[in-house]
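Worksheet: the structure to be examined is printed underneath.
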Amino acid sequence: MSGLHREVTMTIAAAPEKVWDLVSDVTRIGEFSPETFEARWTRGATGPAVGATFKGHVKRNGVGPTYWSPCTVTKCVAPGADGTGVFEFSVGLDGSAWTNWGYRLAPEGPDGAATRVTEYFRLEPKWFLRGYWLVLGALRGRTNERGMRTTLERMKEVLEA
């Protein structure tokens with residue numbers, strides 16, 4: 001089944017390294033996300049690295065229900081000489097991810113002073129998630145797209161200030 005994913009892209013007038021510092025600092029997500037209002041590193045993790053874990057405190061649709069989401073960093077590549085980077089994490093219990101969220105970064109413009117940021121999510125192709133997506137996918141997809149756009153707009157405001 002296709003369509004188990006969505007993404008939103010925005011250009012931010014800030015260098016990829018500055019954008020990376022913000023998107024990979026999960027403790028700041030509450031400043032930007034309309035659903036995840038706080039997150040904290042767990043199990044001894046203190047920053048972004050593959051295998052690092054954190055919990056995000058989520059208020060579904062901005063109103064409820066409220067719950068903790070266990071997360072594990074699955075991709076963590078800071079922008080290098082080419083300015084590209086990726087920060088991705090899975091959501092779900094140990095060894096059983098339900099969804100993946102992330103940010104892809106690429107330099108923009110002739111001097112690389114801006115960054116094209118893509119926030120995305122991808123549901124795992126599990127039978128119960130396929131059923132969920134079949135019934136509520138269009139609605140949840142639009143909600144997630146709005147949330148990702150809001151998150152990126154709020155990050156843009158901070159980074160371009």
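For this chain, numbers begin at 1 and follow the sequence in order.
- The side-chain hydrogen bond (donor to acceptor under 3.5 Å, both in side chains) search around T27 returns D25, not counting sequence neighbours.
- Shown are V19, T84, D82; of these, the side chain to side chain contact (heavy atoms under 4.5 Å, CB included) with P107 is made only by T84.
- Identified under the salt bridge (charged side-chain N to carboxylate O under 4.0 Å, His left out) test for residues 38-50, with sequence neighbours left out: R43-D94.
- Sequence neighbours left out, the pairs with a member in residues 95-121 that pass salt bridge (charged side-chain N to carboxylate O under 4.0 Å, His left out) are E7-R104, E108-R116.
- In this structure A45 satisfies the side-chain contact (heavy atoms from CB on, under 4.5 Å) test together with W41, A52, sequence neighbours excluded.
- Legend: residues meeting salt bridge (Lys or Arg N to Asp or Glu O under 4.0 Å) with E17, ordered by chain and number and at least two apart, are absent.
- With sequence neighbours excluded, no residue forms a salt bridge (Lys or Arg N to Asp or Glu O under 4.0 Å) with K55.
- Judged as a side-chain contact (heavy atoms from CB on, under 4.5 Å), and not counting sequence neighbours, the contacts of E31 are R28.
- Scanning for side-chain contact (heavy atoms from CB on, under 4.5 Å) contacts around S33 gives I29, E35, T36, T151, with sequence neighbours left out.
- Listed by chain and residue number, E88, S90 satisfy the side-chain contact (heavy atoms from CB on, under 4.5 Å) test with T74 (two or more places apart in sequence, or in another chain).
- Grouped by direct or indirect side-chain proximity (heavy atoms under 4.5 Å, Ile/Leu/Val/Met/Phe/Trp/Tyr only), F37 sits alone.
- Through side-chain heavy atoms spaced under 4.5 Å, either directly or across other Ile, Leu, Val, Met, Phe, Trp or Tyr residues, V86 is tied to V77, Y120.
- For E157, the side-chain hydrogen bond (donor to acceptor under 3.5 Å, both in side chains) test picks out no residue, with sequence neighbours left out.
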